[in-house]
Number of protein chains: 2
Amino acid sequence: MDIDTRLLRYFAAVAEQGNLTGAAERLYVSQPALTKQIKQLETRVGTALFVRSRNGMALTEAGRALAERVPGLLAGWDLALRETRATASRAARVLRVGFLASAANEATQRIIAEFTRRRPGWRAEMRQASWANPSAGVADGEADVALVRLPFPGQDALRVTVLFTEPRCVALPEAHPLAARDVIPFRELWDEPFVAAPAETGAWRDYWLAAGEREGRPVRVGAVTDQPDEWLSAIANGYGIALAPESAARFYARPGVVYRPVTGVAPSRVGVARDPADDDTPAVRDFVRCCVAVASTAPGGEAGCGP
Amino acid sequence: MDIDTRLLRYFAAVAEQGNLTGAAERLYVSQPALTKQIKQLETRVGTALFVRSRNGMALTEAGRALAERVPGLLAGWDLALRETRATASRAARVLRVGFLASAANEATQRIIAEFTRRRPGWRAEMRQASWANPSAGVADGEADVALVRLPFPGQDALRVTVLFTEPRCVALPEAHPLAARDVIPFRELWDEPFVAAPAETGAWRDYWLAAGEREGRPVRVGAVTDQPDEWLSAIANGYGIALAPESAARFYARPGVVYRPVTGVAPSRVGVARDPADDDTPAVRDFVRCCVAVASTAPGGEAGCGP
DNA sequence: CGATGTCCATGCCGACAGGTTATGGACGCA
DNA sequence: TGCGTCCATAACCTGTCGGCATGGACATCG
């Protein structure tokens, strides 16, 4: 009997959530659609998987048996897909390079140039990731290697080499009172609303909110964005301010947004991440070497941020 | 990314077969449908999985990577499905009993009666299997236990208890010259066309053709059937004759078909089969005990076949 | 004790994906 | 050159999925 993995995901979501309405929301489908799908799964399997009641859907014994297996099946398909794609790109001599907006900035181009010099015949395929995905695709197998900002959640499962550090500055709306200052101590920003990354990015988000450098003061979040454009708009529109690496002042200049040096926050580290299993893949290893080589000779961000 | 296992089966078939036309035939779909599906799989995965040529479809490197994983995934889903169904029937106190047409015949009812007596609250769900499936559903998890005729292919992977043996007789069209005889030596049937089971049943088919008792003479197959009704029709219509257990004379009597005792062929054995993993499941164990108990007190087929 | 909220189920409709048949195009072979 | 064997494409039909609106059961609460 055939089945779509989508149905299995639906099933897993309902099983975990315990009710249709919530699961439907999580899955971005309507509740009737889920009702129908779950019912269809039950007829296909030939037995009830849930008992319905006013407080949701509880797994039957058969449902539990299925629920135990489904995550493994989904993970298996996922793995197969990732390996197939990885094989394809390797066969085509393509290195899939993920990068986080603002990760390596000017170093990026020099790294790519160095890589194509060192590996003629290969092509680096650049893929910009949203901030909701701070490993830039390495964690989910969409990229072979990625330029990232540290720290980020899930980092321990990957191999990460730190390339360089870069002071952080603050991005403010032009009209902000503090925009007139040349240098701003971070403590003066404690009570400002911040433009933050999505909640699921955990440690990464906290790091850019400098949650550890507020001496316990709570963070005010004025907006949540996962892309540079939205981020810039949110700041320009006054929803909040944000910390950013120095190089953002050059890469993400925009009317209405100004960058100012900040004291009292640790600098940001840029790294190159890859799956430990790929670490001895020649192309990956070469890319990492290029990163290190470029970083060691980098001009760095001496320009700093400022008016 | 989601996918239907059907697509994976399609892929596996094409990968194995090496061309679309043949694979389409094997899958009982049209070749254009397969073309479209494979193409869709490739766009979904994001890479070519086959290289097309005049002599078919050859796997690319990525295709090979996928082809390595797919059988495991399909088997995994299959297993999950079987376990879920098995769990469901156990929870409902239902024992799924497969039986081959003509397997235990009159003993069947007594076994069921004994089982319901020994396990009140339980229900035996009888499922007749076609001869194309000589384990009657135990091998593929559709039944918890089955009454079968031995030997059959795949029997070694299961636990089988022999219940009783039963002489074999021959079923002939009424008008057949040999129908006038009281007892027929098997050697006189060597050159008759036989009504056989489907080829994929291997040893089982051979056993009912008495392939080992022909001293090397080839078998003539006049018709292939996998159900009693077709089998009776084929015999009545003169497409061939067939060996059958004695009890068939009582259970499958039909105008136009007569049964006669045969000498020179080994008797048939009836057994109860179950998955080794289920052998200590209480309900299964009890059912087997019932089978043994009934078999030991069975009246047997003393009536024999004959006019 | 009716009003409300929260579940899941159902009916209807539009969009789309999958299947089929018929046909085209490339290529090797007699 | 004509034929057979591949795979690709086109046109069409149907079944399924998803969305919206709504219904029904039941608990909770003023």
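First the proteins, then the strands, lettered A, B, ... as listed; each starts at 1.
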Exercise. Have B/E83 and B/T87 got a donor and an acceptor in their side chains that come within less than 3.5 Å?
Worked result: no
Exercise. For C/dG19, does either OP1 or OP2 sit under 4.0 Å from a side-chain N or O belonging to B/Y10?
Worked result: yes
For this session: Take the protein atom CD of A/E25 and the nucleotide atom C1' of C/dT6, then report the distance between them rounded to whole Å.
Result: 13 Å
Problem set entry | A/K36 NZ to C/dC13 C1', straight-line distance once rounded to whole Å | 10 Å
Exercise. Do B/R26 and B/E16 sit within salt-bridge range, that is, some charged N less than 4.0 Å from a carboxylate O?
Worked result: yes
Exercise. Are the charged groups of A/E61 and B/R85 less than 4.0 angstrom apart, N to O?
Worked result: no
Seminar exercise, completed: B/L34 atom CG is separated from C/dT21 atom C1', nearest whole Å, by 16 Å
Problem set entry | A/P32 or B/P32, whichever maps to the more 5' nucleotide of DNA chain D | B/P32
Problem set entry | side chain to side chain contact (heavy atoms under 4.5 Å, CB included) partners of A/A80, counting only residues at least two apart | A/W77, B/L66, B/R69, B/L73
For this session: Remember a base hit wins even if backbone is also touched, and classify B/S30 as base, sugar-phosphate or nothing at under 4.0 Å, heavy atoms.
Result: base
Exercise. Is the shortest distance from a Lys or Arg side-chain nitrogen in A/E142 or A/R96 to a carboxylate oxygen in the other one below 4.0 Å?
Worked result: no
Seminar exercise, completed: Looking only at heavy atoms, the pair that brings A/L20 and A/L34 closest together is O-CD1, 3.6 Å
Exercise. When you check the gap from the basic side-chain N to the acidic O, do A/D2 and B/R9 get nearer than 4.0 Å?
Worked result: yes
Exercise. Does a salt bridge link B/R44 with B/D4, judged by any charged N lying under 4.0 Å from a carboxylate O?
Worked result: no
For this session: For A/R6 and C/dA17, give me the distance from atom CZ to atom C1', rounded to whole Å.
Result: 11 Å
Got a list of protein N/O to nucleotides 26-30 of chain C N/O distances below 3.5 Å?
from	atom 1	to	atom 2	distance (Å)
C/dC27	O3'	B/R54	NE	3.3
C/dG28	OP1	B/R54	NE	3.3

Problem set entry | Covered region of DNA chain D, 5' end to 3' end, by chain A [heavy atoms, under 4.0 Å] | D/dC17 to D/dA27
Exercise. How about A/F50 and A/F11: are their ring centres within less than 6.0 Å of each other?
Worked result: yes
For this session: Would you kindly compare B/Q40 and A/K39 by the position of their nearest DNA chain C nucleotide and give the one closer to the 5′ end?
Result: A/K39
Exercise. Can you check the A/I38 CD1 to C/dC7 P distance for me, whole Å?
Worked result: 16 Å
Problem set entry | Touch class at under 4.0 angstrom, heavy-atom based, for B/A33 against every strand present | base
For this session: Please work out if A/Q31 contacts a base, only the sugar-phosphate, or nothing of the nucleic acid, heavy-atom cut-off 4.0 Å.
Result: base
